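Report on the following structure.
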Amino acid sequence: MADKIVDARVIITSPGRNFVTLKLITEDGVSGVGDATLNGRELAVASYLTDHVVPALIGRDPARIEDTWQYLYKGAYWRRGPVTMSAIAAVDTALWDILGKVAGLPVYQLLGGRSREGVTVYGHANAETVDGVLEEVARYRDLGYRAVRVQTSVPGLRTTYGVGRDRMFYEPADAAIASEATWSTERYLAHTPTVFARIREEFGPELKLLHDVHHRLTPIEAGRLGRSLEPYALTWMEDPVPAELQEGFRLIRQHTTTPIAVGEVFNTIWDCQQLISEQLIDYVRATVVHAGGITHLRRIFDLAALYHVRSGSHGATDLSPVCMSAALHLDISIPNFGLQEYMRHTDETDAVFPHDYRFENGYLLPSEAPGLGVDIDEKLAATFPYRPASLPVNRLEDGTMHSW
Ligand code: GCO
Ligand code: MG
C-alpha cells in the first residue's frame, strides 16, 4: 500500500538571517525537507504553506511528485508568483528528499546520475576600493575558486549593491523597514571597466570573472557596459536590466558579445521562455526555491538546453542549505550546467541545517547520502526567533525611486 504524508511542519528560524523550511513526515517515518525562504517576505510563504497547502497534503502519497506539483499549481487557480512558487518548491523539494530516502539513493541518481565530477562554483569578491577587491579576488583564488564575482563601491555613492560591512557574509536585508541606497548610472558606467582592467592585469586570462548589475540599467546602457567590458572577457554580466520586458534584451544583444545571465527573481518557465527561445541570454539563474522546486527547475533547464543556454543558479545566503543541497543534485546531473553561485553560510546557519555537501578544489560536491543529504535541527532552530528584515530600496541622486 502507498505511504502517506501524516505531518507537515513549517519552521521559521533566524540563525543570523531568516529561513522558512517545510518538513514533511510520512506514515513510514520518513522525513523530507524543502526550502521556502523568500527574502524580506518570509511570513507570506509560511502562511501560504500553513493555511493553504499543508491541510491538502495530509494523507497524500509522497511518491506522486509530479501530480502533487500539478495539484498545487493548477489547483490554486492563481498561477505563478514568487509566494505561490516558493511554497510549491518547498513541497516538491521535500518529496524528492523522501523519494531518495525510500529508494536509498542520492537525489542526483534519480535525476539521471552524474554528468560531471563536480559543480563549479563562484564566490563573491566585494570591497569598497579596487585595491581592496584585488585582495579579495586573490583570497578566493587561493581558496581554489575558479570563478569570482566582483563588486566594488562606485566612487561618489554612499552605498553600492554587493558591498556590505562583512565581506564574506554579505546580506542585504539589513533593517526591518527597508534602508535606502543611492544610485548613479553615469558614475557606475565610468567606474566599472576600470575595475575589470585592473583585475585582468593582475590575475591574467584564466580566472572566470562575473559581475552583477542588479537590474539597474536600461537596455542601451547595458549594451554600452557590455561593450566596455568585452576586453576583459567576463563569463557573465548579470541582471543588466529588469527582466519583465523580455524583448528589451534584443537591444542589448545587438550591441555586445558579453554573455548575459538572468533569472534569480524568476519563478516559472514563462518568465524566461522568450529569453531562452530567442537566445537572448546565455545563463538562466533561476533556482530551486523560487522556481517551483526540482521538478519545475529541471523543466526550465531542459528548455534552456535546447537553445544552448546554461544554468547559473542563484545561491546567495538567503537560500538555505536545503536549497543549496537540492541545487547541487540538479547541477551535477543536467547536461547544460554552467556555474553555481556559492556564498558561504555562517557557522550558525550551517549548524541549524546539518548537511554534507562540501567544497573541494573550486567545486561543490553533492551529498552521497540517500535523499538530499540535509536536515533541519528543529531544537536549535527554535533558539533563533524570526526577526523582520527587508531588502533595501534604491533612489537616484535626485530622489527618484530606482530598481535596487
Ligand atoms: C546574487 C543576488 C543577491 C540578491 C539577494 C536578494 O546574485 O547573489 O543578486 O545578492 O540581492 O539574494 O535576496
Ligand atoms: Mg544577482
Side-chain angles (χ1 to χ4, degrees), residues 14 16-20 35-45 82-83 85-86 89 121-127 136 140 145 147-152 159-175 178-179 181 183 188 192 208-217 222 225 234-243 259-267 271-272 281-291 311-321 323-324 327 338-346 349 387-394 402-404:
S14 190
R17 66 158 339 285
N18 294 316
F19 295 107
V20 179
D35 186 13
T37 308
L38 184 61
N39 201 0
R41 296 293 183 268
E42 297 88 359
L43 300 184
V45 186
V83 175
M85 298 309 288
S86 299
V121 294
Y122 69 90
H124 285 201
N126 308 325
E136 287 297 293
Y140 278 100
Y145 281 77
V148 184
R149 186 190 89 161
V150 176
Q151 311 290 136
T152 67
T159 52
T160 311
Y161 164 75
V163 186
R165 275 186 302 273
D166 186 334
R167 288 183 181 183
M168 198 75 181
F169 301 111
Y170 168 69
E171 171 50 58
D174 58 358
S179 57
W183 184 247
Y188 168 77
T192 304
K208 292 183 201 294
L209 296 176
L210 297 79
H211 177 66
D212 192 346
V213 187
H214 225 254
H215 328 269
R216 286 164 185 218
L217 302 179
L225 175 68
L234 265 60
T235 296
W236 79 45
M237 161 170 91
E238 178 174 328
D239 288 332
V241 296
I260 300 173
V262 177
E264 66 183 50
V265 302
F266 291 171
N267 40 76
D271 298 328
C272 46
I281 58 173
D282 302 281
Y283 296 88
V284 59
R285 298 196 67 253
T287 194
V288 173
V289 52
H290 300 136
S311 73
S313 286
H314 189 202
T317 37
D318 47 304
L319 317 168
S320 85
C323 176
M324 183 56 80
L339 272 180
Q340 169 68 52
E341 182 179 21
Y342 175 46
M343 267 171 91
R344 288 162 190 258
H345 289 106
T346 60
T349 299
R387 286 186 313 204
S390 297
L391 289 167
V393 297
N394 207 11
H402 194 66
S403 302
W404 172 70

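Quick caveat: nothing in here was measured; it's all calculated off a predicted structure. Read the numbers this way: they start at 1 and go in the same order the structure lists the ligands and their atoms.
Closest protein heavy atom to atom 11 (O) of ligand 1: H214 NE2, 2.8 Å. Nearest non-hydrogen protein atom to atom 4 (C) of ligand 1 is E264 OE2, 3.5 Å. Atom 10 (O) of ligand 1 has Y161 OH, 2.9 Å as its closest protein atom, hydrogens excluded (heavy atom only). Residue, atom and distance of the protein heavy atom nearest to atom 5 (C) of ligand 1 are D318 OD1, 3.6 Å.
Remark: ligand 1 atoms within the under-4.0 Å shell around heavy atoms of D212 are 1 (C), 2 (C), 7 (O), 9 (O). Listed by number with element, the atoms of ligand 1 under 4.0 angstrom from any heavy atom of W404 are 11 (O).
In the candidate list H124, R285, E341, E341 is nearest to atom 1 (C) of ligand 1, counting heavy atoms.
For residue D212, an N/O/S atom approaches the Mg ion (ligand 2) to within less than 2.8 Å.
Ring geometry, Y161 versus H214: the interplanar angle falls under 30°, so the pair is classed parallel (tilted spans 30 to 60°). Aromatic ring pairs are classed by plane angle as parallel below 30°, tilted from 30° to 60° and perpendicular above 60°; the pair H290 and H314 is tilted.
The one candidate from R149, R285, H211 that meets the side chain to side chain donor-acceptor pair (under 3.5 Å) condition with E238 is R285.
Ligand 1 lies nowhere less than 4.0 angstrom from a heavy atom belonging to Y122.
The minimum heavy-atom distance linking V262 with P240 is given by the pair CG2-CD, 4.2 Å.
The N, O or S atom of E264 with the smallest distance to the Mg ion (ligand 2) is OE1. Nearest N/O/S atom of E238 relative to the Mg ion (ligand 2): this is OE2.
For E136 and H124, the side-chain atoms include no donor-acceptor pair closer than 3.5 Å.
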Problem set entry | Derivation and outcome, side chain to side chain contact (heavy atoms under 4.5 Å, CB included), residues D239 and D212 | CA-CA 6 Å; D239 288 332; D212 192 346; 4.1 Å; yes
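Under the 4.5 Å side-chain criterion, counting only non-hydrogen atoms from C-beta, Y188 is not in contact with R216.
One finds no salt bridge joining D318 and R17 here, because no Lys/Arg side-chain nitrogen approaches an Asp/Glu carboxylate oxygen to under 4.0 Å.
Considering both main-chain and side-chain atoms, R149 comes within under 3.5 Å of ligand 1 through a nitrogen or oxygen pair.
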